[in-house]
> 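Input: one structure, supplied below.
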Amino acid sequence: MSSRSHLLNDRTAEHYRRSLTEGVERVAAKLAGAEQPFTGITPAELDPTVAAVDLDQPLGTAREALDELERVYLRDAVYFHHPRYLAHLNCPVVIPAVLGEAVIAAVNSSLDTWDQSAGGTLIERRLIAWTAERIGFGRAADGIFTSGGSQSNLQALLLAREEACRLVRKNSETSPTTPQILSRLRVLASECSHFSIEKAAVLLGLGPEAVISVPCDEQRRMRPDALAEQMARCTREGNVVMAVVATAGTTDFGSIDPLPAVADLCEQAGTWLHVDAAYGCGLLTSGRRRELLAGVERADSVTVDYHKSFFQPVSSSAVLVRDKDTLRHVTYHADYLNPTRSVEQGLPNQVDKSIQTTRRFDALKLWMTLRVMGADALGELFDEVVDRAAEAWRLLTDDERFEVVVAPQLSTLVFRYVPRDHTEASLVDQANLHARDALFASGEAIVAGTVVDGRHHLKFTLLNPETSLADIAAVLDLIAGYAEEYLGTHAPALSAARAG
Ligand SMILES: *Cc1c(COP(=O)(O)O)cnc(C)c1O
């Protein structure tokens, strides 16, 4: 085959069709045949297979490359569609979105400028307007698709930083330099907020002590009284609260900060409120739980991760702002790309609102999803996993082998195995760590882990409506089995006591 026959164009449409069909058939067979979410392979076992591939010796055909891909990737991949994948915030994906993904790759629009996307630009804008409306923002709202929640948070905080700098300058008689202002800026976020907030603060040139951790209540939600106290302290110390970050669906607990109370405090102080709804955004389509997000419409900016609770393939995320004027802080003009003349011509260039330049048409996946199945169907899927988490919580609280941290607001459960006998705390920690690792190595199920109040816990993140309560019960038995096995060998006194 000539090298040009690999280019996708008018003459290779048939090659494209055959190649993709072959790939789709492999993946379809894989999905249909996955008995476990994972094979349990280790990096040391898989590495030689990947290392042995000679990248300078092409195989020539899609078939051979797919055969090889079976060994280097497909056979041992972690399959999120499997009902016993219960670990991180990864969802099974809906088919209309996967179809959208195939179109995205083949047409390959770049959403930075109208002259690289045309209709793609308008589709993205419609979806931003649609999301803003679901949030409850007014007509001045806008936003942009991003690569993920981390980037959405970064962009939101960038806008907040620029607004804060502008206000500090406006209200000051001296003219402070940017470094002088930056060192005084503070971001307040709950102790359960996502670590991308801290990363963003560093990237934005704030000091190492810029992010202040606000304590949570028993339900792992930010305490408004503690927030008020921290805001007052910042002012007393001559610092400036650049933004308050409320999390609507914390990564560990799915807890939702009290948005109305937080919004009140921000409003009184004139502080930028960012709501990180990377996880909780699924509620925007929920038929039964939308009120859990009440108050989100009072935010200045909101992060939504469609690739978490809208069942979209990675990546699909957006940052929305209540006032589109604030997006000017990321507007730069390049003569070669988006000259100021294009603004005068009224050309919609999305790069004017983004921190990326070349940018995928991720919005198409959501578009196809809404056009084929609709928002209510998405909301029903999300409601189902939240229902399942509530059922699983009852199962766990009735099971004396386990203790659960909090009743879930969304779809995560943080719990730990606790032996009935009094066992040294560090040994219980080890037993839980071992159970997670042993389960992962078996590939039968995948669960996550986290540390709560200094103790190792296990975590289920339920995002698959196909996960039944029976699946959850079976995984709990596996966990208890591995934990007991560990204690059996590492706490012989305990097992002796039991046997006696
Ligand atoms: C996952 C998550 C993020 C980060 O999103 P990515 O898409 O992984 O970059 C931010 N905030 C919260 C609350 C999250 O759960």
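Both counts, for ligands and for their atoms, begin at 1 and track the order of listing. All figures in this text were calculated on a predicted structure; none of them were measured in a lab.
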> Can you tell me the protein heavy atom closest to atom 2 (C) of ligand 1 and the distance?
K308 NZ, 2.2 Å
> Between Y79 and F38, is the ring centroid distance below 6.0 Å?
no
> So, is T250 polar-close to ligand 1, with some N/O to N/O distance under 3.5 Å?
no
> With heavy atoms of G249 as the reference, note each atom of ligand 1 found under 4.0 Å away.
13 (C)
> Return the residue, atom name and 0.1 Å-rounded distance of the protein heavy atom closest to atom 11 (N) of ligand 1.
D276 OD2, 2.6 Å
> Taking the six-membered ring for Trp and the single ring otherwise, decide whether the centroids of Y306 and F145 are under 6.0 Å apart.
yes
> Take atom CZ of R288 as the centre, draw a 6.0 Å sphere, and report whether it contains more than 12 heavy atoms from other residues, nucleotides or ligands.
yes
> Would you mind telling me if ligand 1 is within reach of the side chain of S150, the backbone, both or neither, using heavy atoms under 4.0 Å?
both
> Any non-hydrogen side-chain atom of F137 less than 4.5 Å from a side-chain atom of D142?
no
> Closer than 4.0 Å to some heavy atom of T251 - which atoms of ligand 1 meet that?
12 (C), 13 (C), 14 (C), 15 (O)
> Taking the side chain as C-beta and beyond, is there a heavy-atom pair between R359 and Q350 under 4.5 Å?
yes
> Take T303 and D276 through the side-chain hydrogen bond (donor to acceptor under 3.5 Å, both in side chains) test and state the conclusion after the steps.
CA-CA 5 Å; T303 288; D276 179 357; 4.6 Å; no
> So, does Q151 sit close enough to ligand 1 that a heavy atom of it is under 4.0 Å from the ligand?
no
> Are any of the N or O atoms of S196 closer than 3.5 Å to those of ligand 1?
no
> How does N153 reach ligand 1, by side chain, by backbone, by both or by neither, if only non-hydrogen atoms under 4.0 Å count?
side chain
> List every atom of ligand 1 that sits less than 4.0 Å from any heavy atom of D305, numbering the atoms from 1 in the order shown and giving each element.
5 (O), 6 (P), 7 (O)
> Could you find the nearest protein heavy atom to atom 6 (P) of ligand 1 and give me its residue, atom name and distance?
G149 N, 3.3 Å
> What I'd like to find out is whether the side chain of I355 reaches to under 4.5 Å of the side chain of L158, using heavy atoms alone.
yes
